[in-house]
Amino acid sequence: MVGVDDVRRVALALPRTTEHLIRDRVKFRVGRIVYVAFSRDETTMGFGYPKEERAALVAAEPDVFFLPGPVDLRYQWVECRLDRLDPARMHELVVDAWQMCVPKKVAREHLGDPS
């Protein structure tokens with residue numbers, strides 16, 4: 001099981017990330033862009049995810065992932081149940097969401113990708 005502290009360790013190690021408490025919800029941002037956010041009860045986590053791929057993710061693992069509410073469907077966003085997410089998968093999802101927010105050069109430099 002993954003918790004907020006596990007995600008915090010990953011997120012705050014990523015360049016340009018800041019943590020915020022907004023309306024009793026922990027959120028991680030790059031600038032003004034939120035790329036990870038928790039529900040108030042910290043049982044679910046929303047994260048940035050390509051819109052065109054999210055239906056497939058949810059269909060493949062509906063016990064773990066679900067679409068956001070109707071108001072947030074316009075965003076590149078997916079939600080997951082933290083009690084069904086393993087640490088390795090969480091790490092991958094958080095880093096991928098962060099990469100959607102930072103300049104490609106920042107991501108390449110941090111991740112060691114020479115391309």
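Quick note: numbers below take in every heavy atom, side chains included, and nothing from hydrogens, waters or symmetry partners.
Hydrophobic clustering, with ILVMFWY side chains joined whenever heavy atoms are under 4.5 angstrom apart, groups L57 together with M45. Connection of L67 to V71 is not established within any shared hydrophobic cluster, with ILVMFWY side chains joined at heavy-atom distances below 4.5 Å, either directly or through further cluster members. No path of Ile, Leu, Val, Met, Phe, Trp and Tyr side chains, each step under 4.5 Å between heavy atoms, connects M100 with Y35, placing them in separate hydrophobic clusters. V26 and I33 fall into different hydrophobic clusters, where Ile, Leu, Val, Met, Phe, Trp and Tyr side chains are chained together by heavy-atom contacts under 4.5 Å. Note: the hydrophobic cluster containing I22 does not contain V4 (ILVMFWY, side chain heavy atoms under 4.5 Å, direct or indirect links).
Atoms CG and CG, from D6 and L82 in turn, are 9.0 Å apart once rounded to the nearest 0.5 Å. One distance of note links NE2 of H20 with CZ of R32; it measures 10.0 Å at 0.5 Å rounding. In this structure, OG1 on T18 lies 12.0 Å from NZ on K27, to the nearest 0.5 angstrom. To the nearest 0.5 Å, atom CE of residue M1 and atom CG of residue L85 are 10.5 Å apart. With rounding to the nearest 0.5 angstrom, the CD atom of E61 is 11.5 Å from the CZ atom of R84. Atom CZ in R8 sits 12.5 Å away from atom OG1 in T17 (nearest 0.5 Å).
Closest approach of D41 to T43, counting heavy atoms only: OD1-OG1, 2.8 Å. Listed here is the closest heavy atom pair of V102 and P15: CG1-O, 4.2 Å. Across D24 and R40, no two heavy atoms sit closer than the pair O-CG, 3.7 Å.
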Q: Could you please spell out the steps behind the side-chain contact (heavy atoms from CB on, under 4.5 Å) verdict for V2 and D86?
A: CA-CA 6 Å; V2 172; D86 67 75; 5.8 Å; no
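Within 6.0 Å of CZ in R16 there are 12 or fewer heavy atoms belonging to other residues, nucleotides or ligands.
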Donor-acceptor pairs under 3.5 angstrom involving side-chain atoms of residues 47-54: please list them, not counting sequence neighbours.
| residue | atom | partner | partner atom | Å |
| --- | --- | --- | --- | --- |
| K51 | NZ | R74 | O | 2.5 |
| R54 | NH1 | L73 | O | 3.4 |
| R54 | NH1 | Y75 | O | 2.7 |
| R54 | NH1 | W77 | O | 3.2 |
| R54 | NH2 | L73 | O | 2.5 |

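Counting heavy atoms from C-beta on, the side chains of R25 and V34 never come closer than 4.5 Å. R89 places none of its side-chain heavy atoms less than 4.5 Å from the side chain of V64. Between V94 and L14 the shortest side-chain heavy-atom distance falls below 4.5 Å. Taking 4.5 Å as the limit, some side-chain heavy atom of V95 sits within range of a side-chain heavy atom of V10.
W98 and H110 have perpendicular rings, their planes meeting at more than 60° on a 0 to 90° scale where under 30° would count as parallel.
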